[in-house]
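Working notes, structure below.
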Amino acid sequence: MPRLLITFQLLFCLSVSIVVADETTVDFQKEIRPILSQKCYKCHGPDEAAREADLRLDTFRGATEDRGGYKAITPGNHSQSELFARISSESDDDRMPPADSGLQLTPEEIQAIKKWIQQGAQYKQHWAFVEPTLPKLPMVSQADWSRNPIDLFILAKLEKENLAPSPEADRNSLARRLYLDLTGLPPTIEQLDKFVNSSDPQAYEKLVDELLASPQYGERWARHWLDLARYADTNGYEKDRPRSIWPFRDWVINAINNDMPFDQFTIEQLAGDMLPDATTDQLIATGFHRNTMINEEGGIDPLEYRFYSMVDRVATTGTVWMGMTIGCAQCHTHKYDPITHTEYFAMMALLNNADEPDLFVHDDAIEEARKKTLDQITQLKSELASKFPPAEGEGSEEERRKRNLETKFAAWLKSRKELARHWQVITPARMTTNLPRLELLEDGSILSTGDITKRDVFDLKFDLASFTQPIKAIRLEVLPDERLPAQGPGRAYYEGRKGDFFLSEVTAKSGEQSISFHEASHTFGKISIGNGTAEAANVFDGDGSTGWSTSTEEGQPHHLVLNFQEPVQPQHLLELQMIFERHFAASLGRFRFSVSTEPGIAKAVRLPIDVIDSLAKLNGEPHEELKATLLDLFLEETPELAEARKPITKLQNQLASYPTTMILRERPEDNPRITHRHHRGEYLTPKEVVEPNLPAILSSSKSPPRNRLEFARWLVSEENPLVGRVTVNRYWQEIFGRGLVRTSEDFGTQSSYPTHPQLLDWLAVQFTDKGANGLNWSRKRLHRLIVTSATYRQRSTISADQLKKDPENLLLGRGARFRMNAEMIRDLALQSSGLLSLKLGGPSVYPPQPATVYAAAYGSPKWPVSKGEDRYRRSLYTFSKRTAPFAAFTVFDAPTGENCIVRRDRSNTPLQALTLLNDEMFLDAARAIAQEELSEPKNDREIVSEMFLRILTRPPTDEEVTALVTFKKEQKERFESGALDPKQWTQLKTATPELAAWMMTARVILNLDETVTKP
């Protein structure tokens, strides 16, 4: 071969190799998948029903299959790829996406796809669905800047972009930043001085440890979790009535303060009731999924809205522990992620087997308070006999009192004894219902659990073969039980009173013969909603709209007695049918039947059942113990002592009640709830039954979870590739203002690509690692790692180079600076003013807000402003009404509790400034600051300096001092001249011009942008 030709060939090969070497490989995860996901998957993705032209572009197989002589993608050859031809076509008719979709590709995107096809069109599993592995720590040139491995990942990216990290922030800024991030409160002047003036080289690390150990740490981070848990103090929807679930909020605070590992934190909230020997705290934890809304509108189907609660629970679980929009598959197969419509309902089935009772939370302090009150009641009851009015006639007052008491008691006892008869408890041989589960208890009573409807029917069959005499009457006891709403005896939980019931009809059969009732009576009857009475005879009048109820006496036993028109012979089964029909679900929760064979008309007697039984057996005078019991009962109802009993009634009304909280309880094995696939996600279109399971994309296990506890454990296992990344990303977002993945609620194919993917994986692996070098799911250790990094400690001011190359601070070359959340802003004002109460836990409180806010809600409810320290509790404890959220919080983008919120919006509106200037709470804070500053002799410049330290955690500049001193003098002159009337503000009614002027000055500082911004 001629030398010239050889040389030419060598040069050509060299040039080609250079071109190939220079050609960068297209990153499918970062560059191509986002294009396909955003522009193509809606019509050519996982959803079969929405798929156009039977073309699937979310899998390599679908994109490269032969389509009758052509392929959408021919790897290595863009000119033979129909996909490229379509996206690059100049014809509106041929070009994809269609012109009317509004999803056109940019020239850069078209070239990226062309290049990717030429390089082989390699598909990769979506990065978030791949189990994270521990990456190697990157090499950096400025290694001495790093304080821990986080900094190496950050610095490597900065150096790649020819950017330098910012210097460390000053100590005042660091103190403010740390206190706000770890406790949600600014430091006091004393706390600030201690840190700023410390010569200890470990002062910063020691402060971090001190704040992590603070009780306020749990409160600060509980607020973040409650956003995810969609916590609120009301039921939502139209009526939006109050609910008691604040013990769950307290559980979250305590769990975080105790640094409960996040995996255990997860398991207890999703399935604490299913743990062996579940504790009260573990039951309270299951309130996480009881935070769903409850509709109390008249006429609703309770099962439909329970279904909607399940829809919410599936979506929330997917968001919180998987970072996926699972809820999008409710109505159809997910259009972007590989989750089918059927898989959605299989995942619902994992969560769908729990009942939803209330739990009474026993507390030592309440126990003590109750004991004290009960002792007082007992003492007053013991004095009732001595207050009985004396009889007319001879003898001393005491003799006449005793004589009158004995006479009246004897008459009362005789009347009760005449009514008492022997009753024998009967238990059903068979029990069936339309839906609820009936369980026979040891005492012969029956407990109803499971789902209920607006028309429940209980069919009970009793074998009377043991009786030798005909049955003359039947007695129905309705019994309280802690497992029932408001302790029962009914199961009403919405619309009507909690614990109420409405027995519409009772029918009886013996053999094939219907049996009629007559002569009915009850110990008490009242209907809470609607017209009419609760007469005992209503239950056999053939009218389903009338019935018996014991409304207003929930938690107390009562009974109803029905006499048979003709005695019932015991040769046949006695069949009883009970119908509970109302415009809301209101069937019985616990009840018991007894029968009597004694002649005569049986009557209901308002006495305890055991006392009735004792009286029925009594021959002659009662023994002393029974007589004492009967005397007490007489004294508690006789009209002669009505006035004397008023103090007792008052104490009984004041008796401290145990708080309740809403929990989950797994249903018994013999009563599982069946889950169906619902066509188009609609409640009224149930289709085939689905078994509990995970989406196939997420489960490679041979034994996938089959119940709620197994599912909870899977979520925090190595088999879930998402939980570590999703969790650390949310914590990163809380501290730095945005996550390493911006779409912290969505890690699916529509998600944004991580700014630092290796750092995300490193943190995820470290967080979930239970080994000696791992963080073992510890929030506190993760937060300590983050806030002790050099990355976190950087100054937040922006350089010209950063403004040009990284204006959004995606590379984290400076400290994060962003507006604080709503609760933190209010708490900062209260802390700065010295008003803040640090009382932990307890029921929600009502700080002041404009009355019109609450009045606009359904029913125009009142907002009972709290007194004393409750007025100044941390914002975490503010009563949260879903349909009328606390105004000052809404202004600063706080959520309503209706949905799971992963990242709050951060808006900037004039209303925010007006709130800081005029809201009553901020005016309270401004006055308290001014009063505190004037409590000791100081000159004006000293006062301004201290106000700055209180509110902004830094000393002011000379210019700032001069400006504010001038402002204060101007305000004082205006008050003195009458140009401003202090009486315009409640907080200034008794203020001197000096105090009023300083209050106006504090008000200005509280309104600064710097005040509400993390430094």
Side-chain angles (χ1 to χ4, degrees), residues 367-423 475 477-480 487 489 521-526 534 536 550-561 602-657:
E367 199 82 58
E368 183 61 32
R370 285 178 63 86
K371 183 179 181 303
K372 184 177 178 180
T373 305
L374 288 170
D375 287 346
Q376 291 176 288
I377 291 172
T378 301
Q379 179 60 36
L380 289 176
K381 283 184 175 181
S382 70
E383 298 168 1
L384 283 175
S386 66
K387 296 179 180 179
F388 205 83
E392 299 290 336
E394 299 179 353
S396 68
E397 182 177 322
E398 186 59 33
E399 288 172 339
R400 287 185 289 118
R401 175 180 290 110
K402 185 177 180 182
R403 186 168 64 245
N404 195 25
L405 175 58
E406 288 175 348
T407 302
K408 294 292 176 62
F409 174 56
W412 177 87
L413 181 57
K414 182 179 181 220
S415 68
R416 297 304 181 271
K417 189 174 179 182
E418 288 172 352
L419 292 173
R421 59 169 54 209
H422 177 68
W423 294 93
R475 181 179 70 188
E477 296 173 64
V478 294
L479 303 169
Q487 299 188 47
S521 58
H522 58 56
T523 53
F524 175 75
K526 185 176 176 61
T550 59
S551 181
T552 70
E553 292 203 3
E554 291 77 28
Q556 299 181 41
H558 289 286
H559 59 266
L560 169 80
V561 171
K603 295 282 187 181
V605 187
R606 187 155 185 167
L607 289 175
I609 293 298
D610 59 338
V611 173
I612 294 173
D613 291 344
S614 297
L615 280 176
K617 299 172 185 176
L618 191 62
N619 289 317
E621 287 297 310
H623 56 77
E624 288 304 313
E625 184 178 347
L626 177 59
K627 187 173 182 179
T629 300
L630 289 164
L631 179 60
D632 288 341
L633 292 168
F634 166 72
L635 294 173
E636 288 174 22
E637 71 171 58
T638 182
E640 285 87 352
L641 291 173
E643 193 66 28
R645 287 195 298 268
K646 285 183 178 179
I648 296 174
T649 303
K650 184 177 180 181
L651 283 172
Q652 288 171 332
N653 292 335
Q654 294 173 350
L655 191 63
S657 58

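For the pairing with L607, the side-chain contact (heavy atoms from CB on, under 4.5 Å) check across T523, L419, I612 returns one residue only, I612.
Here the CZ atom belonging to F388 is positioned 4.0 Å from the CZ atom belonging to F634, to the nearest 0.5 angstrom. Distance CZ/R403 to OG1/T407: 7.5 Å, rounded to 0.5 Å. Taking OG1 of T373 as the start and CD of E368 as the end, the distance is 10.0 Å to the nearest 0.5 Å. Between atom CG of residue L641 and atom CD of residue E383 there is a gap of 12.0 Å, rounded to the nearest 0.5 Å.
Electrostatic pairing of E643 and K646 counts as a salt bridge here, judged by a charged N lying under 4.0 Å from a carboxylate O. Using a 4.0 Å cut-off between charged side-chain N and carboxylate O, E397 and R401 make a salt bridge. Contact check on K617 versus D613 returns no salt bridge, with no Lys/Arg side-chain nitrogen under 4.0 Å from an Asp/Glu carboxylate oxygen.
Heavy-atom minimum distance, L651 versus Q376: CD1-CB, 3.8 Å.
Of the N and O atoms on the side chains of T638 and E640, at least one donor lies less than 3.5 Å from an acceptor on the other residue.
For K650, the side chain to side chain contact (heavy atoms under 4.5 Å, CB included) criterion is met by Q654, not counting sequence neighbours. Scanning for side-chain hydrogen bond (donor to acceptor under 3.5 Å, both in side chains) contacts around E553 gives H558, R606, with sequence neighbours left out.
Judged by distance alone, with hydrogens and angles left aside, the side-chain atoms of N653 form a donor-acceptor pair with the main-chain N or O of T649 at under 3.5 Å. Under the 3.5 Å distance criterion, the side-chain polar atoms of R421 are left unmatched by any main-chain donor or acceptor of K603. Side chain of H559 to backbone of L479: no donor-acceptor contact under 3.5 angstrom is found. Checked by atom type and distance alone, the side chain of E554 pairs as donor or acceptor with a backbone atom of T552 at under 3.5 Å.
At most 12 heavy atoms of other shown residues, nucleotides or ligands fall within 6.0 angstrom of atom NZ in K402.
Taking the side chain as every heavy atom from C-beta outward, I609 and R475 approach each other to under 4.5 Å.
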